[in-house]
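These notes are about the structure you will find just below.
Both backbone and side-chain heavy atoms feed into the values below; hydrogens, waters and symmetry mates do not. Below, chains carry the letters A, B, ... as their sequence lines are ordered, and counting in each starts from 1.
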There are 2 protein chains.
Amino acid sequence: MLDNYLLEELATFAECKTLAKTAEKLHMTQPSITRGTKKLEEELGVQLFERYPNHITLTKTGELAAQVAAHIIKVNQEGIEKIRNFDQSQHSIQLGVTIPGPRILLQHLKVEFPDNVHLNPELLSEDSITSLLEKNEYTLIFSDQEIFTDQVESRYLGDETMSVHLNQFMYLASQSSVAFKDLKGLSFLVLSCRSLERNHTKCNSRCKISLSK
Amino acid sequence: MLDNYLLEELATFAECKTLAKTAEKLHMTQPSITRGTKKLEEELGVQLFERYPNHITLTKTGELAAQVAAHIIKVNQEGIEKIRNFDQSQHSIQLGVTIPGPRILLQHLKVEFPDNVHLNPELLSEDSITSLLEKNEYTLIFSDQEIFTDQVESRYLGDETMSVHLNQFMYLASQSSVAFKDLKGLSFLVLSCRSLERNHTKCNSRCKISLSK
DNA sequence: AGCAATTACGATCTGCGTAAGAATA
DNA sequence: TATTCTTACGCAGATCGTAATTGCT
């Protein structure tokens with residue numbers, strides 16, 4: 001196995017291009033980096049560097065090795081985060097939302113949450129759900145998507161309904177039915193949370209929760 | 001970052017369940033493992049072990065950490081293989097096949113290959129194509145699938161045709177057309193490579209090659 | 001001359017083993 | 001008593017820094 005300090009040296013060298021700059025960036029001296037390059041080649045049994053008297057570059061294999069090194073470092077660091085976050089999640093619960101409906105509801109219910117339940121009211125992007133759960137940054141994310149992976153599962157929670165009240169003086173009030181597209185571009189007075197019960201027009205959106213196993 | 005020896009100790013402990021057995025498996029002594037457990041907890045700032053006077057177990061977080069550890073080790077080892085194989089692939093070419101058509105053709109052409117081109121005549125499974133290419137175990141795999149990932153791309157190569165010759169005394173010879181299903185269960189005399197030109201009945205199969213970028 | 005890489009030497013650190021101790025079943 | 005984990009001490013190996021050397025631009 002390749003030691004972390006060697007991986008870091010290789011990955012940094014790929015960025016910095018010279019041993020001197022690499023050493024500086026890592027708060028080390030050039031000779032240490034020189035040694036590192038040799039040790040890497042020795043351990044892998046492969047030529048990673050093209051050596052000239054006062055000049056050194058990566059071979060093709062070295063380029064690949066640097067990418068691999070960066071990847072291993074990333075996996076290591078993300079692993080640490082995952083462990084730390086999981087430990088947190090043993091003591092507290094992080095709730096997230098990707099759609100506004102559940103957010104309104106949860107903020108309303110917030111007063112009843114125990115101290116160790118935290119809601120991030122920010123709307124998370126759909127794409128980030130899986131990684132946020134796999135890293136244990138969130139315990140539970142409310143969304144309208146169904147997700148099943150090795151580490152994430154979804155449960156159907158309920159339908160979300162959105163209602164719009166048109167008073168009798170509004171120019172569309174005489175219509176027997178009104179579609180959402182007819183309302184496009186209009187301004188609304190938004191109801192307070194306490195008025196959530198009074199629903200008239202339905203908007204299709206099934207709400208699901210995704211949680212880490 | 002977590003050092004490899006700590007990861008290995010943790011992953012091994014998760015299998016062995018006691019420090020003594022862990023030490024034995026790693027050809028080390030118990031006290032070293034004890035130190036490892038403490039150093040891990042210290043570096044992560046997280047409790048991984050439940051300690052009793054003469055007994056120690058993993059916490060929930062510890063269980064997860066052990067899985068993460070095993071994963072990091074795996075990524076490291078696969079990375080090393082990938083680098084070594086890539087270095088090989090700079091000097092030689094490994095050809096693979098998942099279907100028999102290209103195999104026959106390639107074995108036929110083998111005599112013309114340069115010394116550094118090697119064909120594995122074994123039929124590889126479809127599922128393994130991606131990983132074999134990503135690990136640089138193969139440079140080129142001939143298959144009838146089209147694969148595009150970050151590291152693998154496919155090129156269309158040509159159509160594969162299979163022919164069956166029925167001589168005039170065969171009981172189906174009088175039919176105006178014969179489907180493959182009619183031939184099910186019958187025995188064949190297989191033609192030698194030199195006879196590949198004489199094709200009569202076509203079998204649909206597009207041949208593609210997949211290669212690592 | 002100035003910069004970059006290498007070589008050589010010495011010091012520090014750190015991880016390992018041995019030996020002894022404490023607790024349990 | 002046998003097993004398991006922990007603590008204490010000393011050593012060996014490995015990595016790092018300093019200083020000196022070589023080679024290019």
Donor-acceptor list for residues 27-36 of chain A side chains, cut-off 3.5 Å, not counting sequence neighbours:
residue : atom : partner : partner atom : Å
S32(A)  : OG   : R35(A)  : NH2          : 3.2
T34(A)  : OG1  : Q30(A)  : O            : 3.4

Could you go through residues 58-73 of chain B and list every donor-acceptor pair under 3.5 Å that involves a side-chain atom there, pairing it with any protein atom two or more places apart or in another chain?
residue : atom : partner : partner atom : Å
T59(B)  : OG1  : Q47(B)  : O            : 3.1
T59(B)  : OG1  : L48(B)  : O            : 3.1
T59(B)  : OG1  : T61(B)  : N            : 3.4
T59(B)  : OG1  : G62(B)  : N            : 2.9
T61(B)  : OG1  : D87(A)  : OD1          : 2.9

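Between N136(B) and I83(B), every side-chain heavy-atom pair lies at or beyond the 4.5 Å cut-off. Residues H118(B) and L95(B) fail the side-chain proximity criterion, which asks for heavy atoms closer than 4.5 Å.
Rounded to whole angstrom, the span from the CD atom of E24(B) across to the P atom of dT3(D) amounts to 12 Å.
Residues in residues 28-69 of chain B take part in these ring pair (Phe, Tyr, Trp, His ring centres under 6.0 Å) pairs, two or more places apart or across chains: F13(B)-F49(B), Y52(B)-H55(B).
For the atom pair CG of D3(B) and CG of N4(A), the computed distance is 5.5 Å after rounding to the nearest 0.5 Å.
A donor atom on one side chain and an acceptor atom on the other are not found under 3.5 Å apart for Y138(A) and N85(A).
The side-chain contact (heavy atoms from CB on, under 4.5 Å) search around K39(A) returns Y5(A), L6(A), E43(A), not counting sequence neighbours.
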Give every pair of a protein N or O atom and an N or O atom of nucleotides 4-9 of chain D that lie under 3.5 Å apart, one pair per line with the distance.
residue : atom : partner : partner atom : Å
dC5(D)  : OP1  : L19(B)  : N            : 3.2
dC5(D)  : OP2  : L19(B)  : N            : 3.1
dC5(D)  : OP2  : A20(B)  : N            : 3.1
dT6(D)  : OP1  : R51(B)  : NH1          : 2.7
dT6(D)  : OP2  : T34(B)  : OG1          : 3.3
dT7(D)  : OP2  : K38(B)  : NZ           : 2.1

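Taking only side-chain nitrogens and oxygens, T29(A) never comes nearer than 4.0 Å to OP1 or OP2 of dC16(D).
With a cutoff of under 4.0 Å to any heavy atom of chain B, the contacted region of DNA chain C is bounded 5' to 3' by dG15(C) to dT24(C).
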